[in-house]
Each structure stands twice: as C-alpha cells, then as structure tokens.
Number of protein chains: 2
Amino acid sequence: MKKNSPTIRDVAAAAGVSVATVSKYMNGAQRFSAPVEAKLKAAIEELGYRSNPLARSMITGRTRTIGLTVLDISNPHFTNVVKGANRVALRHDYTLLLVDTDENQARERPLIEALAQRVDGLIVSSRMSDDESHWMLDLGKPLVLMRRSEHLPIPSVGIDNRLATYMLARHLLNLGHRQIAYLGFGQARINDERIRGARECLEEAGLTLDVYDAHAPTAHAGEHACSRVMLGPRRPQAVMCYNDLIALGFMKEAASLGLKLPQDVSVTGVDNVPFGEYASPALTTVDIQSEKMGELAMQKLIDALAGHADIGHTMFDPRLMVRESTAACR
Amino acid sequence: MKKNSPTIRDVAAAAGVSVATVSKYMNGAQRFSAPVEAKLKAAIEELGYRSNPLARSMITGRTRTIGLTVLDISNPHFTNVVKGANRVALRHDYTLLLVDTDENQARERPLIEALAQRVDGLIVSSRMSDDESHWMLDLGKPLVLMRRSEHLPIPSVGIDNRLATYMLARHLLNLGHRQIAYLGFGQARINDERIRGARECLEEAGLTLDVYDAHAPTAHAGEHACSRVMLGPRRPQAVMCYNDLIALGFMKEAASLGLKLPQDVSVTGVDNVPFGEYASPALTTVDIQSEKMGELAMQKLIDALAGHADIGHTMFDPRLMVRESTAACR
DNA sequence: ATGAAAGCGCTAACAG
DNA sequence: CTGTTAGCGCTTTCAT
C-alpha cells in the first residue's frame, strides 16, 4: 500500500536530463527534441511518475480546487446545486471540495475560513446576512454567493424570491382561494422575501396572509406543523410552504389527518426538487433552477479566476410548475 | 480581494522570535515562556496569520482531507452516504473532497487517480468489478470500498444484497403474490446478487422470477419501464425494483396507466431513501442504512490512517420497511 | 525553551 | 531546446 512515489528528480536522473526539463515536459510547456522526449516518456512510464500537485500548488499558488459550502446536502435543492457546479468544474478540470455546514450557523465561519485556504475560490451558501458577511471579503479568495448580496461587492446568483411566492399566490387566487396560509422557515434569510411576495399579491386582492413557522426546512418539520395549521381556528383553503420538503411533509400529515388533497386544501412548495413530481398528488411548486444555479455560480467563479471580473448578481426567473396539489377552491 | 497573507516569517519577525518557534507554537508542540507566548499571540492576532496548509502538507505528507467518490450525488442513497461520512470526518477534523463520477464508468479511474494525490485516503463507490479494480492497490493511499470486495485486500462496507431481496420476496409471498417481477438495473454489479436473493426465495416456493431491466437507476427510467412490465403478456402481481428511485418512477407511471396501487400491483424498492415515506402509497422497501454506511466507511478509513489496520468487510443488515405500496394479493 | 539550517517536490526566471 | 539556480511556506532535526 505505501509507496515512496518517485519525484521529479528521479525522473530527471533516469532520463538523463534536468528537473527543469521534466517539469516543462509535464506541463506541456514547450516542444522537445525527439530523443529527449522519448527518454522522458520512457522514464516516466517506467517509474510510474505522477507529479505532486501539492508541491506544484505551493509555487503556482493555485490548487485547481473549488470549495463549495451548502447548508445541508440532504436537501435535494443543494444536491442539484452540487451536481451543476460539479459538472462545470469537471469540464474546466477543477475538483470540488464540498463542505456541508449542516445548518449549523456557528460552524459556518470557521469552516469557510479553513476551506478558503485549500482552494482557489469558493461558492458559499450561508444563512448570514450581508452585514454579518463582511469577513468573507478578507478571505483573499474569489467568491460567489448563492443569494443576492445587496451591499457586498461579491458576485452572486439567486432567484427572485419575492416573485416566486407572488406567482404562487396569484395562482391560488386564480383558483378561487381566499384563505391562504404561509408555512415558512423563519431562520432562513429569504423567508421574509417570500412572505413579502405572497403578501403583496394577496393585498392587491384585499386579502391577508396567515403566517406560520416550521422549525426546520425539512419534511419532518412540515409534518409536525400540519396539525397546527389545519386544525387551528383559521383553517386555510391553501397553504404555501417555504420549500418543497416542508410541503411534502405537510401533505403526508394532512392525508393522515383525513384531509383529501387537493380538494380539502391546496399545497405549494418552492424549489422543484426532483421528488415533488413523484409525490401524490404531484406537488405544485416553483422551479428555481437549482442545477443551473450551481452551474452558473461555478462558471462565474471560474471566470473570476481567469481574470474576468464580474461583480454582479444574476437572478434566475422562477417558473411556476402547476401539478396536482393545487385545485380550484370548492 | 487579493491579499498577500502573512507568512510564518512575518510572524517570527513581528514577534522577534525564530520561525521554528512560531511553527512549534502553531502546532502546540510544546510549552513556551510567558513573554514569548504573549508576543507570539499578539503578533499572530495582529497580522491575522493563518498557517498555510499546503506548505504543511508538503512536509508532513498529510492533507487532512479524505476523498469520496460517488456514482451520482443526485441519488439520495449517496447523499446520505456523504452525510454520514462527512459527519465523522468533521468530528476528526478532516474535510471531504467529493467527486461525483456521474455514472460515467470510463471517467472513474482517471478521476480517482487524480483524487488520490490530493488526499490522505479514499472511500470509493465504483461500478468496477474486483478484477478491474486491482489498480486501486497501487494508489498508495488507504482505501475503503463501498461494497464487498471478495478478492481484494481492501476494507469495505456494504449490505447483504442477496438477503435484502430475499426478504422482500418473502414478504410478497406472504402477501399471497405468485406472479412476481424484478425490475433491475443490469449495469450495477450488485444487480445479480439482488436477483439471486429474490430467485432463491421464489424457487423455494416453486415459483420463477420475471426479470426486466431499467436503463438507469433513476425514477425516470422506472417510469419508462413501467408500461413494458405492466402491459406486457406476463403482467405481474408484484414488482420488485432495483432501488427506490426506479420504484417511485414506476409507481407514478403505473398510476398514470390507470392502475390502483397497491391493489392492482404491489411495488417495492431498495435503499429507503427519505422520500419513499412521503410517496403515496408510501414505499415498502429495505433500509440499507446509507448514512451509517458512510459513517462506518469514514471511521474505517480514519482508523486505517491512524495505523489500526482493519482489512475486512462489514456487512450491514438490511431491514424491511413495510409501508403502503405492498398489499395482500387479491 | 529557542534558533539555525536543511530541505519537502516542484516551478520560474534566467542563462546558455 | 535544455540546464542552473532560487525559492514557495513550512516542519524538523540538531544545536545551544
């Protein structure tokens, strides 16, 4: 198992050339005379030489590695982000260093700071507000944020959360719903934007939004919150959930409670996780293009690494995906 | 954005000590006189010094990074593996270098070889057979395989695939089913083991297994295969799927075809992905403890790194999760 | 308890 | 085209 791998010097000796020549050969930096090239090739093959990326990185200052932090890899939204980012990284010969902060706000900073030292750049998904994120500027590494950063000179990608829930609310309104509730996740920074979008839409129709809160952005939390929402004094005709996971849990529990979906209550999510389509009823949601977001974030970072600075926010358009979990209000 | 981070020499100069002293201090290698310690602390704080892990790794030969390759991070099974592995890694102060081979058999080897150079050890999930995997022994790094490796001196973790499908088949038999089909994924090495388990069980009852094949281990492929299985000449009373994703897709399409689940056909999966529980009907499956598998794989690797060699296979027990997608045969 | 010096494996000028 | 020579930032003997 343990092998002292050959160094560039071993190759140089075996091929009868200098280490500089070997180095240049390895990097395909220039052309060589036939005999030298032949000897080089033979020696490398013979010794099974592979250049040490660490040593190389130390000099070049580049690791060809990109760090990506997600809040929870179990959430299919982030899984898709990783998928997209990874695809672009691979294409540009970068590798992904993944860090899952596990929804642990306190760990975020130290984890990210440690990560920053081992990579050429980072894509960060964080629960911190812009004000709390200033230290990121001192990381000394190019950065892309996975959300809008209004007050930070950091490129970012995200979606229009306000519009997403506005669209959802409009859809419910069109179906005739008047009693609409929002089951949010207060700890997410974007929760407020989503509430605002829904409120704006409802207020235009002279309606108000009942807001509830789930304790986590998970299906389990959605299940947990269901009875509180549906068996309380203000039973809604439709429930907009913070994300698909919560919506899925909510729907399951609603069924357990004896409610018929979507007849008794319409439910919506946000994210368009792959599984929403396979739930029954299939979940009406808003596609936020998670995979594309990951791709673009990575592309921006790689561009930045290549010197093409692009300090700007790219906002993906949310797209309403009407499926079976929403129906006309009886 | 760009900052020349201070080096150990800057700190040494600022504190009026030698670099060796700073190094020892950073590594908590020994105790220091009060004045020196105070100056060190001040200088480090002042300059915001953080030691360069690359330079350190070059000397120590250790990166405190573990490489993990998965076939497809979109598959919740692997997501859970990552989750478990990451948790243990973090606890031991290691970081995860994730590589998604994207079900691309050809890319596996180069990707893994490249990965091996940047990490202290690897956890590998691969489609290659033992015979095709001998090159892994020459990686020069501790390795843990995510499946049984009969003929390779490499520690591994996995589950008893034969038993998993045996249990499932027995369950279906108990429910009175006699016409049982298996919708597999032929490209997976473990597909054969799963077929064998189901066959053994059925043969004990004098029955045979109809085998079909999905073109991918995904929900989409399950959907695609459904009509072929259900509308063919040998319509089964129950269908055992290679994994939960295929099963979920299969169920959705079956519903579209006008079949009532589980009355018209019982369906089972394997993996116990989180969403199976939220499908309707909830999916009967076999839990393979994906997260625990990730945890143990990482633990084994870290043990190996610490010198505690453990060349052996650990097999997790599959656990039947009976839910609503299976019912007594009419 | 502290420091001087020798590299780790490689690249990047600069010569030739 | 090929070789010489400095280091990258840090750890590690080995002295003091």
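Naming: A, B, ... by sequence-line order, numbering from 1 per chain.
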Handout entry: Length of the CG-C1' vector between L54(B) and dC8(C), whole Å
Key = 12 Å
Problem - Electrostatic pair E113(B):R109(B) at N-O distance under 4.0 angstrom - result: yes
Exercise for the section: Return the value, rounded to whole Å, for the distance between atom NZ of K39(A) and atom C1' of dC1(D). Expected result: 14 Å
Practice task
Salt-bridge test for R107(A) and D100(A): reply yes if a basic N is under 4.0 Å from a carboxylate O, no otherwise.
Solution key: no
Practice task
Answer with yes or no whether the side chains of S74(A) and D72(A) bring together a donor and an acceptor at under 3.5 Å.
Solution key: yes
Practice task
From the options K83(B), H77(B), R87(B), select the one residue that forms a side chain to side chain donor-acceptor pair (under 3.5 Å) with E291(B).
Solution key: R87(B)
Fill in the blank from the handout: Here the distance between atom C1' of dT2(C) and atom CD of E37(B), to the nearest Å, is 14 Å
Handout entry: Distance in angstrom units between L40(B) CG and dA1(C) P, rounded
Key = 14 Å
Completion exercise
side-chain contact (heavy atoms from CB on, under 4.5 Å) test vs M298(B) passes for just one of V157(B), N86(B), L96(B), namely L96(B)
Completion exercise
Nucleotide by nucleotide, nucleotides 9-16 of chain D touches protein heavy atoms under 4.0 Å in the pattern (B base, S sugar-phosphate only, - none) BBBB----
Exercise for the section: Would you mind reporting whether L40(A) and M26(A) have side-chain heavy atoms less than 4.5 Å apart? Expected result: no
